[in-house]
Amino acid sequence: MNYLEGLNEEQEAAVLYQGGPLLILAGAGSGKTRVITTRIVHQIESDIASPYEILAMTFTNKAAREMKSRIEQYFGGDRLDLSITTFHSFCARFLRREMAYLDRETNFAIFDSQDQMGVIKRLLKEKGIVEKREPPNRLRTIFSNTKNSGDVTAEPGNEFHASLYRAYNDNLKRQNALDFDDLIMLTCHILTEFEDCRNRYQNRFRHMLVDEFQDTNKAQFKLIQLLTVADGDLCVVGDEDQSIYGWRGADINNILDFRHSYSGVKTFKLERNYRSTQPILDFANAVIAKNLNRHEKKLWTEVKEGESVQILPAQNERDEASLIGNVISRQLTPPQYRECAILFRANYLSRSFEDAFRRLGIPYQLVGGLKFYDRKEIKDLLAYARAVVNPRDWTSCCRALGVPSRSIGARSLELLTPYFKTEGQSLLALKKALADKALRPKQLNAIKTFVPLLEKFSEKATSERPSVWLQGLIDALDYRAYLEREDEGSAEFRVQNIDELMSAMSELEQQGVETMAHFMDYTALVSDQDELDDDCDKISLMTVHAAKGLEFDHVFVVGLEEGVFPNQRAMEDSPNALEEERRLFYVAATRAKRRLVLSHAQYRQTFGTRARTFPSRFVREAKRQAIAPGPSTDSPKKSRIGDLGLQLSLIEQQLASKDVSVEFRPALKQPRYRPGDSVEHATFGAGRIVGFLGRGTGTKVSIHFAGKGTKLFYLDRVPLKKIE
DNA sequence: CACCCTAACATTTTT
DNA sequence: TGTTAGGGTG
């Protein structure tokens, strides 16, 4: 039983418990992964379960991979027949086997959000609906929520939306495509309707574990229930304080009410933290204690000593970035960069840091943002792959048709689409259109060469390894030359990306991915974290969402301003949003192992206009807790340098104090107005101040007038009156 | 149909 | 400020 060594009392109890459903409330950094993997090891070692009977669900491939390899390592490195996988991968694999139950083909395509948007936009156009009235993105969210509800028959409440929803689903079905939410929903559907199928899976997976349970939505919880027999072995692990995916349908009540969903649920709390110092935990505990919707929990550690949480005010976003950049480059030497992260609420906040780090020569990696498989060149090539794997994927066929450009534009596609609707398959449609001479000669000629190309690669797709297939395609299209022609500047980078795609393919081939069809699932279901390269020594820049589950010695949470973090839009959406924003901040804070710095800028440029900002309520709370009093205005010189405990050389002190003096330079000529103020303009009437542009005498003020748009005025000349 | 220019829009988070 | 969608022209 040496695998139990080093576990604390609660961890060990959770690992060994075998009396039915159990809920492990695992605080941040409490050794959650270790408990899950040890529990699995224990079940295998003591013959409670064979690997074949175990199913563990996670949200990212990275987490799944990590758990699996830890377990296999314990057993000497042999590969085990263990199902540790993400919800979406599990369902994709399930449907590839079982789709026949629904009388549908198993070679379906998986549509990502871009594909979904394309379908929705085309739908709106067909119906003559203006996008302004029904924003495609909003429809996508509505459709997604509907599918995540856990009820297969559910439709959007609004009848008009419901009709669009039906049309959307018909369209996907015609293309033999599923969106992300379909994967979960249809799996639930089959398991609900077909008892024999359900029994097969329930008999096989007698031991189930769910990681990050607080992030499950209703449909995912239903899936869990369908896979588990009533008194079966189900272990869910999570932390409601880290539930940050409510906007994506995750239902925090799944974890809060879990004890009522099954009878005889045993609960374990893991509160001992192995990651951070006590000062950081004190702060985090105080932050999250303000939330009401939670189980009481308090993290503690034996590492009582540590730096207190620091607050770093900056003049503007440029300052914020270069100050932090300076701190980092002074204090950290290269092998430590990987132990450092910049966390922000939204992706756009990364820009100033990228600029500053590039200027200072600090290596960094941006996690998330534009995903690898979302890049144009990758998508172009994969469009061919998708069109070939699924002969009914018209969307991808159209995309492939346009790359490299074959003089077939929107108008031609419009003429071709009816053919697809009657023929049902892309290639058949193109052939019929050829026979009918449905287009002008130039376009027909293009199609005449495209059809055999696609046919050839369709054949090769089943016989060749993915990397060989792709290389053949690149050669046949003379794709590199095409990239050169398109845009010389970006060609080199794009070719690099293609090489990267090739090597990703080879790597997966090593792991047993033999066909293009198989490879496609992988490309559709990668997450941001999967792309994090933790082998190289770079500072990580990422959103707080992307940082969940990770840890760093040094964490800088930046952009802590009202409206940014907590995010204004989120708070307008729902009354519970502030609690979620707070949880998000809690997640950010608990990523730090040794040092936590909170920064905010007093002016921030958004949409090209600079605006006065106000420190986030999270920062104000931190100050009130007197964890780290900020620099007082009357002693600017001492200020942040002392706070940050930096050991700076004289030159750097001067450099830094220059930054400091920036902060305390006399207030700008921008007296009584603030963004958000209601004002009365002599000619335009009532308006609201959006922000300020420039500084000094040339400062302009941007004012929004309802119905008349936003206008710019010189601040020192504008005839303005404040409305209280 | 392809190219270029302008205007409008955007910044929440993403499997 | 940066990107992108759509309109107009060649």
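Only heavy atoms go into these numbers, but all of them, side chains included; no hydrogens, no water, no symmetry mates. What you are looking at is a predicted structure, and each value in this text was computed from that prediction instead of being measured. Proteins come first, then strands; the chains are lettered A, B, ... in the order of their sequence lines, and each starts at number 1.
B:dT12 and C:dA5 have their C1' atoms separated by 22 Å, given to the nearest Å. Comparing B:dT13 with C:dT4, their P atoms are spaced 15 Å from each other, to the whole Å. Between B:dT11 and C:dG6, the distance separating the two C1' atoms is 22 Å to the nearest Å.
Nearest-nucleotide mapping onto DNA chain B: of A:R406 and A:L525, the residue sitting toward the 5' end is A:R406.
The shortest distance between the side-chain N/O atoms of A:S412 and the OP1/OP2 oxygens of B:dC1 is below 4.0 Å.
Between the side chain of A:S144 and the main chain of A:R248, no donor-acceptor pair closer than 3.5 Å is present.
One can place CE of A:M117 at 16 Å from P of B:dT14, the figure rounded to the nearest angstrom. We find that NZ of A:K121 is positioned 11 Å from P of C:dT4, with the value rounded to whole Å. Rounded to whole angstrom, the span from the CG atom of A:D179 across to the P atom of B:dT14 amounts to 18 Å. Between the NZ atom of A:K548 and the C1' atom of B:dT15 there is a distance of 11 Å, rounded to whole Å. Distance A:N145 CG to B:dT14 C1': 13 Å, rounded to the nearest Å. As rounded to whole Å, 20 Å separates atom P of B:dT15 from atom CE of A:M185. Following rounding to the nearest Å, A:Q605 (CD) and C:dG2 (C1') show an atom-to-atom distance of 12 Å. Between A:E317 atom CD and C:dT1 atom C1' there is a gap of 11 Å when expressed in whole angstrom units.
Annotation: salt bridge (Lys or Arg N to Asp or Glu O under 4.0 Å) contacts involving residues 396-409 of chain A, sequence neighbours excluded, comprise A:D380-A:R399. Among pairs with a residue in residues 436-448 of chain A, those fulfilling salt bridge (Lys or Arg N to Asp or Glu O under 4.0 Å) read A:K432-A:D436, at least two apart in sequence or across chains.
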If you restrict it to nitrogen or oxygen atoms, what contacts under 3.5 Å exist between nucleotides 11-13 of chain B and the protein, and what is each distance?
from, atom 1, to, atom 2, distance (Å)
B:dT12, OP1, A:R569, NE, 2.7
B:dT12, OP1, A:R569, NH1, 2.9
B:dT12, OP1, A:R569, NH2, 2.2
B:dT12, O2, A:R345, NH1, 3.3
B:dT12, O2, A:R345, NH2, 2.3
B:dT12, O4, A:D573, OD2, 2.9
B:dT13, OP1, A:N347, N, 2.7
B:dT13, OP1, A:N347, ND2, 3.4
B:dT13, O2, A:W247, NE1, 3.1
B:dT13, O2, A:R345, NH2, 2.6

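When the side-chain hydrogen bond (donor to acceptor under 3.5 Å, both in side chains) test is applied to A:D251, the partners found at least two apart in sequence or on another chain are A:K218, A:N253. Take A:F221 and apply the ring-ring contact (aromatic ring centres under 6.0 Å, His included) test, not counting sequence neighbours, and it matches A:F213. Partners of A:R96 by salt bridge (charged side-chain N to carboxylate O under 4.0 Å, His left out), not counting sequence neighbours, listed by chain and number: A:D521.
No engagement by A:Q568 is indicated, since no non-hydrogen atom pair under 4.0 Å with the nucleic acid exists.
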So A:E579 and A:K290, salt bridge (Lys or Arg N to Asp or Glu O under 4.0 Å) or not? Walk me through it.
CA-CA 8 Å; A:E579 290 220 341; A:K290 284 191 171 274; over 6 Å; no

